[in-house]
**Student:** 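One structure, as structure tokens, below. Some questions next.
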2 protein chains.
Amino acid sequence: MTEPTPPRARRPLTLRDVSEASGVSEMTVSRVMRNRGDVSAATRARVLAAAQRLGYVPNKIAGALASQRVNLVAVIIPSLSNLVFPEVLNGVNAGLDGTGLQPVVGISRYEPEREEKVLYEMLSWRPSGLIIAGLEHSDAARAMLRAADVPVVEIMDVDGEPVDSVVGISHRRAGAEMAEAIASAGYRRIGFLGTKMPMDHRARKRFEAFTGALARSGIEIADHQFYAGGSGLKKGREMTEALLRRSPDLDFLYYSNDMIAAGGLLHCLDAGIDVPGRLGLAGFNGIELLDGLPMQLATTDACRREIGQKAAEIIARCAETGACDGGERIALAPRLSPGETLFRA
Amino acid sequence: MTEPTPPRARRPLTLRDVSEASGVSEMTVSRVMRNRGDVSAATRARVLAAAQRLGYVPNKIAGALASQRVNLVAVIIPSLSNLVFPEVLNGVNAGLDGTGLQPVVGISRYEPEREEKVLYEMLSWRPSGLIIAGLEHSDAARAMLRAADVPVVEIMDVDGEPVDSVVGISHRRAGAEMAEAIASAGYRRIGFLGTKMPMDHRARKRFEAFTGALARSGIEIADHQFYAGGSGLKKGREMTEALLRRSPDLDFLYYSNDMIAAGGLLHCLDAGIDVPGRLGLAGFNGIELLDGLPMQLATTDACRREIGQKAAEIIARCAETGACDGGERIALAPRLSPGETLFRA
DNA sequence: ATGAAAGCGCTAACAG
DNA sequence: CTGTTAGCGCTTTCAT
């Protein structure tokens, strides 16, 4: 870790500079810059002119320290490679739009220690709110979340005990519903393909509930394979091929995300496998970008954007009223869409 | 809501609290928290214990004001929906890793006014550096960039005059090289499908250079279509179908990004069009996620991750040395890969 | 190795 | 409507 920036050469402009240039007190300049209080149109214009001419940009650090107010909302997510989290961020952006609040993003890489570090780092900026993916955190992280005098919204998942508020879907429910849909459609030899579990609690919960629900229908998972690393079409193809080679009698494959499911679909079509007649397929997330595949993939919409937006709205409400009594719990309904790869022909 | 809400009304902890709890001066506590100066192992341990027990998190706002250093790097990009920019951010993250610097992301939505606002907002936090997509900014924005006493790296594009440093590829060159590859392969009736230009300068530059280079080969663009809104497979399918209906004699389609190109490819395969024999296709970006399509798409790698990383490294270097004299100019080479959709059978 | 004093640039809270 | 006075919580600088 190197040191942050040493002070730079030219002295940055301050309120005082504008004050002197416009012949008005610093306080009045401050009022103009913030559109606060009553300032005569004349002084106002004079101050703005001076500020613009000098190229003055207020120092929010000083402002925040003095006012004890920070217009930042910390958002902590595991990854940006996942395609899912950018959508959540879009939702957050939408929910914060017009509130004067700005999201600041931190990446935890699915590593608890790193999440802890990022959390500490972000809390040290005293944000107006904190949005964090998942309900599973290290003890230290939970302690920080509780100790921080900030509204906290845990997102994506509602299966567990939130520190404060929570917005998400039940991944257990999503997994169970998919299992039921698959079983009712008549599939019996079911395989699972997904990310390595310790890294991804939500995928794990889906998997557990999936197998649990299958068991209630008297079905046991016939085969499964976990992988680490990124999820692309190619990975989906390769893993699907390998799994089918190993267990040729599978009649359904449930994937932990749409991208590898799409890869699997493309492999099956190439291999001349009858989908969904001989083999059914389903993914997870409901990635819109993938609408337009040769067949529409069965999947569950994880409401990513909506989750981000609702979480942001909770923070925004707290920031406005200044007081948030209780944690809100918002459980959105994961919508299963069978597409064209789930019903047996 | 019967659960009693955990109290979180307390005054945030300060150095003074830790100082009192550990019986050491604030100054020494400060030294411990920053691993600075000489502190005896004994005091150090005592302070850390107290801090941990209380759950103290230092206030960076106060720290930044006092020290005049901020470990934040502002990153301004047009969008997060684009799949391309998350990759740039990953590069930035990688480049900043281990430097103690943290990226803070702002979204400009391809709107100059919004870019200006976001820029102002971020500069007001006095970041250690600024990374911003593109070379085209409003006059006011350019003025701010120049006035800000901060290293600035403009990224993605090198065709223009940077304010300070620049890391990117030449989109003109990328467009021209693709035109040459297409022409040499023998295609003659060439169509273009891409985002609406005023929003996206880089796409515009590719398009201009593309048509220019074709012209030098005596070829004129046979048809083209621009669109607004997101880019998904479906959009690519629909637009390709429409364009081909309008101009059935096209023998090549150049897309402004891989996602719609992939949609186009899927449409062509569905429609039984011989690719690349009767119709060639090419996209842009080199999205790895899409490896695994039925045919490997011709595309140009835009070096997104590398660009983010190199830009971050420039900032990191400036932050470390404290002085950056000149703007660096790094032009990476856009690598054209013909895949399987460009060579005539 | 530790402490005391003096701000960093701004805003809250009053005065006028 | 405008100005004055104190800090915000930390770090710098200089003593000890």
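Since we're looking at a predicted model, the values are computed, not measured. Per chain, numbering begins at 1; letters A, B, ... match sequence-line order.
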**Student:** Can you sort out the partners of Leu48(B) under side chain to side chain contact (heavy atoms under 4.5 Å, CB included), two or more places apart, ordered by chain and number?
**Tutor:** Val32(B), Arg44(B)
**Student:** Can you pull the salt bridge (charged side-chain N to carboxylate O under 4.0 Å, His left out) pairs that have at least one residue in residues 118-140 of chain A, sequence neighbours excluded?
**Tutor:**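 Passing the test, one end in residues 118-140 of chain A: Glu121(A)-Lys60(B), Glu136(A)-Lys205(A).
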**Student:** How close or far is atom C1' of dG9(C) from atom CH2 of Trp125(B), stated in whole angstroms?
**Tutor:** 13 Å
**Student:** How close or far is atom C1' of dT2(D) from atom CZ of Arg44(A), stated in whole angstroms?
**Tutor:** 15 Å
**Student:** How long is the line joining CZ of Arg126(A) and P of dG9(D), in whole Å?
**Tutor:** 9 Å
**Student:** Can you give me the bend angle of the helix from dA1(C)-dT16(D) to dG16(C)-dC1(D)? Use the axis through the first five pairs and the one through the last five, nearest 10 degrees.
**Tutor:** 30°
**Student:** Taking only residues two or more places apart in sequence, or in another chain, which ones meet Glu328(B) in a salt bridge (Lys or Arg N to Asp or Glu O under 4.0 Å)?
**Tutor:** Arg317(B)
**Student:** Give the minimum heavy-atom separation between Ser81(A) and Asn90(B), together with the two atoms involved.
**Tutor:** OG-ND2, 3.2 Å
**Student:** Applying side chain to side chain contact (heavy atoms under 4.5 Å, CB included), can you list everything that pairs with Met199(A), at least two apart in sequence or on another chain?
**Tutor:**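 So Met199(A) forms a side chain to side chain contact (heavy atoms under 4.5 Å, CB included) with Tyr110(A), Lys196(A).
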**Student:** Not counting sequence neighbours, which residues clear side-chain hydrogen bond (donor to acceptor under 3.5 Å, both in side chains) with Ser79(B)? List them please.
**Tutor:** none
**Student:** Give a yes/no on whether any side-chain N or O of Tyr56(A) is located under 4.0 angstrom from OP1 or OP2 of dG9(C).
**Tutor:**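 No.
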**Student:** Does the protein touch nucleotides 11-16 of chain C at the base, only the backbone, or not at all? Give it as B, S and - per nucleotide, heavy atoms under 4.0 Å.
**Tutor:** BBBB--
**Student:** Mind calculating the distance between CG (Asn59(A)) and P (dG9(C)) to the nearest angstrom?
**Tutor:** 7 Å
**Student:** Can you name the residues that form a salt bridge (Lys or Arg N to Asp or Glu O under 4.0 Å) with Arg16(A), not counting sequence neighbours?
**Tutor:**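 Salt bridge (Lys or Arg N to Asp or Glu O under 4.0 Å) list for Arg16(A), sorted by chain: Glu20(A), Glu26(A).
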**Student:** Ignoring hydrogens and geometry, is there a side-chain-to-backbone donor-acceptor pair from Ser22(A) to Val18(A) under 3.5 Å?
**Tutor:**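 Answer holds: yes.
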**Student:** Would you please name every residue forming a salt bridge (Lys or Arg N to Asp or Glu O under 4.0 Å) with Glu154(A), sequence neighbours left out?
**Tutor:** none
**Student:** Output the single nucleotide from dT2(D), dG3(C), dG9(D) whose closest atom is nearest the side chain of Thr28(A).
**Tutor:**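 My answer, after comparing the listed nucleotides, is dT2(D).
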**Student:** Send over the distance from Arg16(B) CZ to dT11(D) C1', rounded to a whole Å.
**Tutor:** 16 Å
**Student:** Just N and O in the side chain of Thr43(B): are any of them under 4.0 Å from OP1 or OP2 of dT2(C)?
**Tutor:** yes
**Student:** Roughly, in whole Å, what's the span from CG in Leu65(B) to P in dA6(C)?
**Tutor:** 18 Å
**Student:** Considering only dT2(C), dC8(D), dG9(C), which nucleotide approaches the side chain of Ser40(B) most closely?
**Tutor:** dT2(C)
**Student:** Does a side-chain N or O from Gln68(A) land closer than 4.0 Å to OP1 or OP2 of dC10(C), or not?
**Tutor:** no
